Amino acid sequence: MGDDDGAGTLTVTDNRTGRSYELPLVHGAIRASDLRQITTGPDDRGLLSYDPGFLNTASCESAITYVDGERGILRYRGYPIEELAERATFLEVAYLLLNGELPDAAQLRDWTAEIVHHTFVHENVKKFIDGFHYDAHPMGIMVSTVAALSTFYPEAKDPVSSAVRRRQIVRLIAKMPTLAAFAYRHSAGLPYAYPDSDLSYTGNFLSMLQKRTDTRYRPNPVLEHALDVLFILHADHEQNCSTTTMRGVGSSHADPYSAMAAATAALYGPLHGGANEQVLRMLTTIGSVENIPDYIARVKRGEFRLMGFGHRVYKSLDPRARIIRRVAEEVFEVTGRNRLLDIAVELQRIALEDDYFLSHRLYPNVDFYSGIIYQAMGFPVDMFPVLFAIGRTPGWLAQWEEGILDPAQKISRPRQLYVGSGVRHLDAPETAVAS
Ligand code: ACO
């Protein structure tokens, strides 16, 4: 729960009828369904609230992630993101998101063993990936293969069973890096590398990506740690577009593989998880620091957006962007400095002094620097959203499970304001159709 637990009532007067209504407030919100009682007469079905893009509508109660966009605060289960990024591992954070508490030593040992046990995918998944064209976008492969997993685990169709849910949660967290690495190796024309259970979650992922002829791949510890931190920063972000999709599909009691394929598809879009890929393309297009003023002028003319800037919730600096800047420096100690960083830093400096960006409250978001790190680590640009998807997996699953368990939740089904034609008939002369 957030800091403000507001209760009380709201009195609304309908100026059409002069009647007043007292609506209860819960956690500082009215229930949209309480508006239904506000009618002008017996034929009126009641007042609706209209909120395209859910700008001001809470779709659920959630105890997982707290975001205060005004103050730049992000907490998972109450823990500040800065502390988790500094002191926890991604698997600990995944456990925290799913269970509400950080694991003790024994719980972590069991959790890690469970995940490691499930990293392998059925051999047929390889054949499935083989069928994709050599230049298939890895996010397209991920969307399809995550959905395909549901056909391997028909038991997943019973999300009401907690044991069934838990098994699929472990499978998905364990198999996402394997699917991602296979998608990458397919596009690179490399043989698939199997998981190595002696490595950490992130170290194993790097091994499956980068292993060549070496019998034992050993990840660089700085890069392994940096990627683990990036996964933590992406692990959850309350009711964003892909999480809302996950909950929405889950609300029909579809299996979690189908729901997560839909969430991955939502993440793919350039306004959401695809933004990190677009930032890299944008920085490459800008090419050098001298071209920045002209580029910013074009953004202000509305020709295109400054990718990696702006956020629906954060109206100050995204706290994840601050942590990522620090991680970037650690990575560059190993890889050498990415020359695009200079363009990004200067772009940020100029944008943050510019009236357009200040007045629109546009600040760098998590994606502004993540791509620069991924590129320095050797990831191709189209793998960036895939990395985001691996990190977001525990968040999607925790939110999905919370939705399934919430007795207040129902199948997602918004209302609409119909603005189309009134009734018409096929036999009217002007609409006659040829038979
Ligand atoms: N560059 C330039 N102008 C922008 C930008 C931007 N990146 N983002 C918003 N604006 C402007 C809009 O043109 C609009 O201006 P107007 O009021 O003068 O018409 C105003 O700011 C509000 O924009 P909206 O689109 O209404 O804001 P919304 O909250 O719906 O969008 C979003 C948020 C999608 C993130 C948007 O800021 C954006 O497109 N950013 C670039 C893409 C990006 O970086 N996405 C990653 C988000 S983080 C994540 O998903 C992990």
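For this chain, numbers begin at 1 and follow the sequence in order. Both ligands and their constituent atoms are indexed starting at 1 by order of listing. Small disclaimer: the values here were computed from a predicted structure and weren't measured.
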**Student:** Out of all atoms in ligand 1, which are within 4.0 Å of some heavy atom of Ala275? Include the element for each.
**Tutor:**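 Taking each heavy atom of Ala275 in turn, ligand 1 has 43 (C), 44 (O), 45 (N), 46 (C) under 4.0 Å.
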**Student:** Please find the pair of heavy atoms, one from His272 and one from Ala266, that lie closest to each other, and give the distance.
**Tutor:**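 So the two residues come closest at CD2-O, 3.7 Å.
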**Student:** Heavy-atom contacts with Gly308 under 4.0 Å: which atoms of ligand 1 show up? List them by number with element.
**Tutor:**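 Reading through ligand 1 atom by atom, the close ones are 43 (C), 44 (O).
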**Student:** Suppose I only count heavy atoms of Tyr356 and a 4.0 Å limit; which atoms of ligand 1 are within that range?
**Tutor:**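 Close to Tyr356: 2 (C), 3 (N), 4 (C), 11 (C), 13 (O).
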**Student:** Show your reasoning for whether side-chain hydrogen bond (donor to acceptor under 3.5 Å, both in side chains) applies to Gln168 and Tyr153.
**Tutor:** CA-CA 8 Å; Gln168 318 319 314; Tyr153 307 109; over 6 Å; no
**Student:** Distance to the ring centre below 6.0 angstrom and angle to the axis at most 45 degrees; does that hold for Arg325 and Tyr369?
**Tutor:**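 Yes, Arg325 sits over the ring of Tyr369.
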**Student:** Closest by any non-hydrogen atom to atom 24 (P) of ligand 1: pick that one out of Arg305, His360, Glu303, His234.
**Tutor:**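 Comparing heavy atoms across Arg305, His360, Glu303, His234, the nearest one to atom 24 (P) of ligand 1 lies in Arg305.
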**Student:** Identify, for atom 45 (N) of ligand 1, the protein heavy atom at the shortest distance, and state residue, atom and that distance.
**Tutor:**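 Of the protein heavy atoms, Leu271 O, 3.1 Å lies nearest.
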**Student:** If we count only non-hydrogen protein atoms and require a distance under 4.0 Å, does atom 19 (O) of ligand 1 qualify as touching the protein?
**Tutor:**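 No, there is none.
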**Student:** If you count the atoms of ligand 1 from 1 in the order shown, which ones are under 4.0 Å from a heavy atom of Phe388?
**Tutor:**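 Taking each heavy atom of Phe388 in turn, ligand 1 has 51 (C) under 4.0 Å.
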**Student:** Provide, to 0.1 Å, the distance between atom 1 (N) of ligand 1 and the closest protein heavy atom, together with that atom's residue and name.
**Tutor:**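 The protein heavy atom lying closest is Leu306 N, 3.0 Å.
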**Student:** Report, as yes or no, whether the 6.0 Å neighbourhood of atom OH on Tyr50 holds more than 12 heavy atoms from other residues, nucleotides or ligands.
**Tutor:**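 No, not enclosed.
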**Student:** Pick whichever of Met282, His237, Met307 has a heavy atom sitting closest to atom 42 (C) of ligand 1.
**Tutor:**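 Among Met282, His237, Met307, the closest heavy atom to atom 42 (C) of ligand 1 belongs to Met307.
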**Student:** Going by a strict under-4.0 Å cutoff (protein heavy atoms only), does atom 48 (S) of ligand 1 have a neighbour on the protein?
**Tutor:**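 Under the 4.0 Å cut-off, atom 48 (S) of ligand 1 does have protein heavy-atom neighbours.
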**Student:** Using a cut-off of 6.0 Å, state whether more than 12 heavy atoms not belonging to Phe54 lie near its atom CZ.
**Tutor:**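 No.
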**Student:** As an exercise, identify every atom of ligand 1 less than 4.0 angstrom from a heavy atom of Val366.
**Tutor:**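 Once the distances to Val366 are compared, the set is 51 (C).
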**Student:** For atom 30 (O) of ligand 1, find the nearest protein heavy atom and state the residue, atom name and distance (0.1 Å precision).
**Tutor:**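 Nearest protein contact, heavy atoms only, for atom 30 (O) of ligand 1 is Arg312 NH2, 2.8 Å.
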**Student:** Is there at least one protein heavy-atom neighbour under 4.0 Å from atom 26 (O) of ligand 1?
**Tutor:**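 No; the ligand atom in question lacks any protein heavy-atom contact below 4.0 Å.
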**Student:** Could you tell me, atom by atom, which parts of ligand 1 come under 4.0 Å of a heavy atom of His272?
**Tutor:**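 Near His272, the atoms of ligand 1 are 46 (C), 49 (C), 50 (O).
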**Student:** So, regarding Pro270 and ligand 1 (criterion: nitrogen or oxygen to nitrogen or oxygen, under 3.5 Å), is there a contact or not?
**Tutor:**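 No: no nitrogen or oxygen of Pro270 is under 3.5 Å from one in ligand 1.
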**Student:** Do the side chains of Phe182 and Val121 get nearer than 4.5 Å, heavy atoms only?
**Tutor:**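 SC-SC contact between Val121 and Phe182 confirmed.
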**Student:** Would you tell me which option among Gly310, Pro385, Pro364, Gly273 has the nearest heavy-atom contact to atom 37 (O) of ligand 1?
**Tutor:**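 It is Gly310 that holds the nearest heavy atom.
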**Student:** With a 4.5 Å limit on heavy-atom distance, are the side chains of His186 and Tyr192 in contact?
**Tutor:**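 Side chain of His186 against side chain of Tyr192, heavy atoms only: contact under 4.5 Å found.
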